Amino acid sequence: MKWMNKGHELDVKFRMMFQGKRLYIYGAGNNGKRLWNKMFYLHDRIDGFIDRNRSAVDFIKVISYGEISNEMIKNAIVIISTEGNIASHMWMQLVALGFSRDMVFYYEEWEKYYLPIYALFEKEIVISPFISLQFSNICNCKCEHCLSFTPELKSYRYFGFEVFQKNADAIFKNIDYVDRLDLSGGEPFLIEEFAKCINYIGSKYRECIGTLRTVTNATIVPSDEICEAMKKNNVWVWIDDYRGADIGKKIKMDELINKLNEYGIGYGIRKVENWINLGINEKAVSTDEEAKFRYDECYNRSKSIHNMKLYGCCYAGFANEAQAYCGDESDYIDLGNEGRIDKNVMLEFLLGYTEKGFLRMCKKCYGGENINIHYVPVARQVKDTIQ
């Protein structure tokens, strides 16, 4: 999306639409409770749950569908917490009852797009769905089509604690809450000071972060110091399962899981059938109009920060850091300036607005996972693999 009225793109449609509206969550099951917890900064705006089980929760009132009042129909926003056909049925029920179509939201669309807008207009809180804070590009693998662009790197380095500190401070000077913050490599467990980085961001900003996460290739078992820091600061470990790939012999899955279990650290295991080729060395589209369409279609809202510059796409940030391509000032917002970025501008950028309506990299990129069909083998190593 291209900025046409920077700092006021959301005003016309949403400020009046959301102003003074109270919130109800339809469905008090696990998803509903998760949404309640996620919106802790809006608890004073949530009037209750809608659920046939009046005792489903004991921390706020629960009303049944039959108790929905005309006043509520006029002045409430309802977020449907269930999914699939049941959610569609609930939506039709509410609209038939008299709710405006603009005031009934599905869980995913609310969480990803409308919640940050509501939080800004009602509470002046800036929320980011996802930011990657890369603190090192050192890795013990060199995978073709790595999304951190390891094969394109001219040198491999840990950026240093001071750089990490400045990037973390820059994020939270301008953004009040990050739903998911990744502490990214390279391979994070190779870095001795990783524990120091975790403890810094945990001690200063943990309450401003939903999920604090790191991603590992499972070839390194973290030190006791790193494990203690991850446990203390509730860091979630995402394990990429490359057993069966070129690096399969390096994998220490059982040792890693045993170590995480020993410390009570949460983790998940992800195994995919293929990777995507972003096409960074190819020409994906030619014209600005094609690039705008690609950017909007891709709609990758994952950001990454490098040298206090927050890139509009995490892949563009990683590529620029690796010097795989050279971006320009329209690709990022510089968070290193004195003072705080205007909150409206900041949220618009987080939701996808840019000066050109696309990033420079878009012309060289096939897009993210949701639109990219250029599949490649998982973790295939280039010949000069780093040892």
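Just so we're clear, the structure is a prediction, and the values are computed from it rather than from any experiment.
- Residues Ile371 and Arg294 have side chains in contact (heavy-atom distance under 4.5 Å, counting atoms from C-beta outward).
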message = Applying salt bridge (charged side-chain N to carboxylate O under 4.0 Å, His left out) to Asp102 and Lys21, what does each step give before you reach the verdict?
response = CA-CA 12 Å; Asp102 293 334; Lys21 291 291 191 296; over 6 Å; no
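- Qualifying ring pair (Phe, Tyr, Trp, His ring centres under 6.0 Å) partners for His8, counting only residues two or more places apart in sequence or in other chains: none.
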key: Leu350/Arg301 under side-chain contact (heavy atoms from CB on, under 4.5 Å): CA gap, chis, key distance, verdict   = CA-CA 7 Å; Leu350 293 170; Arg301 296 171 62 230; 6.0 Å; no
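- Lys74 has no carboxylate O lying under 4.0 Å from a charged side-chain N of Glu71, or vice versa, which leaves the two without a salt bridge.
- Side-chain N/O atoms of Asn31 and Arg34 include a donor and acceptor closer than 3.5 Å.
- For the pair Lys231 and Tyr263, the cation-pi criterion (under 6.0 Å, within 45° of the ring axis) is not fulfilled.
- Side chains of Asn5 and Val12 form no contact here, defined as non-hydrogen atoms less than 4.5 Å apart.
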query = Checking side-chain contact (heavy atoms from CB on, under 4.5 Å) for the pair Tyr41/Asp176: CA distance, chi angles, key distance, verdict?
reply = CA-CA 10 Å; Tyr41 42 80; Asp176 300 296; over 6 Å; no
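- Under the ring pair (Phe, Tyr, Trp, His ring centres under 6.0 Å) criterion, Phe105 pairs with Trp110, Tyr114, sequence neighbours left out.
- For the atom pair CG (Asp47) and CZ (Arg22), the distance works out to 4.0 Å, reported to the nearest 0.5 Å.
- Cluster annotation: Ile25 is connected to Tyr113 through the hydrophobic network of ILVMFWY side chains, with a link wherever side-chain heavy atoms come within less than 4.5 Å.
- Between Arg54 and Glu67 there is a salt bridge, since at least one side-chain N of the basic residue sits less than 4.0 Å from a carboxylate O of the acidic one.
- The closest side-chain heavy-atom distance from Asn372 to Leu278 is below 4.5 Å.
- Side-chain contact check for Thr150 versus Asn137: every heavy-atom pair is 4.5 Å or farther apart.
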task = Show your working on side-chain hydrogen bond (donor to acceptor under 3.5 Å, both in side chains) between Asn233 and Tyr205 and close with a plain yes or no.
result = CA-CA 10 Å; Asn233 297 286; Tyr205 303 116; over 6 Å; no
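- Remark: Lys2 is not positioned above the aromatic ring of Tyr295, lacking an NZ or CZ atom under 6.0 angstrom from the ring centre and at most 45 degrees off the axis.
- Looking only at side-chain heavy atoms (C-beta outward), Tyr267 and Leu256 stay at 4.5 Å or farther from each other.
- With respect to the salt-bridge test (charged N to carboxylate O, under 4.0 angstrom), the residues Asp342 and Lys6 do not qualify.
- The shortest side-chain heavy-atom distance between Leu133 and Phe164 falls under the 4.5 Å cut-off.
- By the 4.5 Å heavy-atom criterion applied to side chains, Ser286 and Lys363 are not counted as neighbours.
- Proximity of Asn300 to Glu369: side-chain heavy atoms (C-beta onward) are nowhere separated by under 4.5 Å.
- With hydrogens and angles left out, the side-chain atoms of Gln93 and Tyr26 include a donor and acceptor closer than 3.5 Å.
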